[in-house]
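Working notes, structure below.
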Protein chains: 2
Amino acid sequence: MKEAFKSLDGSRQYEIFAAAMAEFGEHGFKKASTNRIVKRAGMSKGMLYYYFDNKQSIFDDALDFALDHIENYMLYDITTKKEGFIERCARLSHIKYVYFKAHPEISKFITSVYFSDDLNEVQQERNAAFLENRQRILFDNLDMDRFRDDIDHQTAIKLVSWTINGYTQEMEHMMKAEGLDFEHFDEYFEDFDHYLAALRKLYYKEEYQ
Amino acid sequence: MKEAFKSLDGSRQYEIFAAAMAEFGEHGFKKASTNRIVKRAGMSKGMLYYYFDNKQSIFDDALDFALDHIENYMLYDITTKKEGFIERCARLSHIKYVYFKAHPEISKFITSVYFSDDLNEVQQERNAAFLENRQRILFDNLDMDRFRDDIDHQTAIKLVSWTINGYTQEMEHMMKAEGLDFEHFDEYFEDFDHYLAALRKLYYKEEYQ
DNA sequence: ATGGGATTGACCAGGGTGGTCAATATGAAT
DNA sequence: ATTCATATTGACCACCCTGGTCAATCCCAT
């Protein structure tokens with residue numbers, strides 16, 4: 001990015017990156033259109049190239065911005081207190097979901113990056129570090145003794161995370177179909193608690209249910 | 001489609017539809033390119049419009065073809081014998097996976113249709129009927145008494161299907177990352193059995209484990 | 001040799017692309 | 001009021017790709 005962009009108001013920077021990330025998230029790098037980015041951000045074509053060198057550098061800077069943004073958010077909100085794996089998963093899911101509602105463009109952008117495979121080396125390393133960090137947060141300081149003794153811990157971890165991801169995905173799909181609605185939002189989280197209770201009953205020793 | 005196409009060799013029809021489905025699956029209707037379809041199918045532009053009226057009718061006919069193809073395949077391979085839900089899910093997953101490896105273009109095409117929302121009414125009905133049929137197959141003639149008594153059946157069904165879907169997705173993601181490999185294929189299914197055994201231990205009464 | 005279906009690919013108008021740039025608008029300092 | 005640097009515009013460029021057409025071939029059974 002050029003100096004002109006750096007000296008911009010933080011919220012304006014966010015708006016512009018948001019426009020770019022939404023476009024890249026929906027269409028991928030190649031088929032993303034700078035004209036649509038410009039329209040989304042409410043600015044003229046000339047301005048975009050007054051702020052950035054070219055399309056590629058818009059993408060690169062947006063990716064940097066997105067990863068930083070998520071990492072800051074997560075760092076702020078996460079305390080890895082000792083807890084069971086089910087509780088940890090549930091908490092992370094919840095955080096993720098709140099973040100998704102607050103910053104859908106960033107979430108979608110990062111998701112599309114995760115599934116694409118045309119990142120350069122630097123970006124791949126950056127992204128790998130990001131994912132590793134997520135794993136660390138997910139597994140740090142867990143109380144694994146809550147799991148039933150007759151089930152392997154690693155197996156239980158896999159099963160539980162698949163289950164909770166499945167719930168999350170179904171939720172997203174429902175939301176997308178019906179349009180996301182804050183009334184339903186709470187309903188869904190009541191359901192979530194119900195399923196979490198069931199999971200505890202299935203996977204945990206009696207004293208932890 | 002025009003008469004010329006109908007009188008084509010069945011395998012050639014498949015090739016052409018496969019090219020179209022691959023293109024539509026990757027790019028969606030609007031951004032799909034008839035030029036790329038033509039290239040994929042190894043034919044000239046003129047030929048495509050000798051077979052079909054226009055881009056839309058290519059899509060329509062491909063969708064018909066895909067749904068018919070899947071339904072025939074499933075009908076042939078599925079006997080809904082009495083079994084537990086875990087076994088049913090596992091079997092359907094396996095069938096789905098084998099089908100995916102045999103006909104990836106069809107699978108991806110149908111998946112993209114499932115997530116898109118620009119189907120016309122007739123297609124929506126057709127697709128709804130298709131999904132309903134899948135649900136029927138999934139739930140027909142189940143032995144629900146295998147589930148532990150202290151867990152609600154509907155809850156168990158949800159949890160188990162989320163879990164198994166999660167496993168399937170992880171498998172797909174791994175395959176995509178490493179390139180699908182038949183050696184690994186079998187490994188994965190050994191793992192699968194391991195996880196199924198764990199699920200039975202968690203969800204079933206002792207006598208059904 | 002002829003007729004007719006199969007097949008080609010150059011071609012079209014139209015629209016979108018990433019990127020440029022001369023022209024202006026703005027606003028603070030003089 | 002003038003100056004001057006910075007902010008901002010959108011028309012414009014050459015290029016590429018689009019869905020679709022069609023005159024020209026090719027192929028082969030008669």
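Below, chain A is the first sequence line, B the second, and so on; all start at residue 1.
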Among residues at least two apart in sequence or on other chains, which ones pass salt bridge (charged side-chain N to carboxylate O under 4.0 Å, His left out) with B:Lys82? none
Under a 4.0 Å N-O cut-off, is there an ion pair linking B:Arg126 with B:Asp68? yes
Side chain A:Arg88, main chain A:Lys81, donor-acceptor under 3.5 Å: yes
Side-chain donor-acceptor pair under 3.5 Å between A:His194 and B:Thr155, yes or no? yes
Should the ring pair A:Tyr195 and A:Tyr167 be called parallel, tilted or perpendicular, given that the plane angle runs from 0 to 90° and is split at 30 and 60? tilted
Please verify the inter-ring angle class for A:Phe24 with A:Phe59; under 30° counts as parallel, over 60° as perpendicular, anything in between as tilted. perpendicular
Can you see if the side chain of B:Ser33 gets near the phosphate of D:dC17 - specifically, an N or O under 4.0 Å from OP1 or OP2? no
Output yes when A:Glu87 and A:Arg200 qualify as a salt bridge under the 4.0 Å nitrogen-oxygen rule, no when they do not. yes
Return the residues of residues 38-63 of chain A meeting this criterion: a heavy atom under 4.0 Å from some atom of DNA chain C. Order them by number, or give none. A:Lys45, A:Gly46, A:Tyr49, A:Asn54, A:Lys55
Check whether any side-chain N or O of B:Glu23 sits under 3.5 Å from a backbone N or O of B:Ala20 as a donor-acceptor pair, and report yes or no. no
Contact residues, residues 10-20 of chain A to DNA chain C [heavy atom, < 4.0 Å]: none
Nearest nucleotide by nearest heavy atom, which residue falls closer to the 5' end of DNA chain C, A:Ala32 or B:Ala4? B:Ala4
Criterion ring pair (Phe, Tyr, Trp, His ring centres under 6.0 Å) on A:Tyr114 and B:His173, from CA distance to verdict: CA-CA 11 Å; A:Tyr114 177 70; B:His173 202 262; 5.0 Å; yes
Which residues in residues 21-31 of chain A have a heavy atom closer than 4.0 Å to any atom of DNA chain D? none
Quick one: do A:Arg36 and A:Glu26 make a salt bridge, cutoff under 4.0 Å? no
Does the plane of the ring in A:Phe100 sit parallel, tilted or perpendicular to the ring in A:Tyr97? Use 30° and 60° as the thresholds. parallel
Leading and trailing nucleotides of DNA chain C with any atom under 4.0 Å from heavy atoms of chain A: C:dT17 to C:dC21
Might you work through the side chain to side chain contact (heavy atoms under 4.5 Å, CB included) test for A:Ile106 and A:Phe17, ending with a clear yes or no? CA-CA 9 Å; A:Ile106 303 184; A:Phe17 274 137; over 6 Å; no
Filter on side chain to side chain donor-acceptor pair (under 3.5 Å), then keep only pairs touching residues 47-56 of chain B, sequence neighbours left out; what's left? B:Gln56-B:Asp60
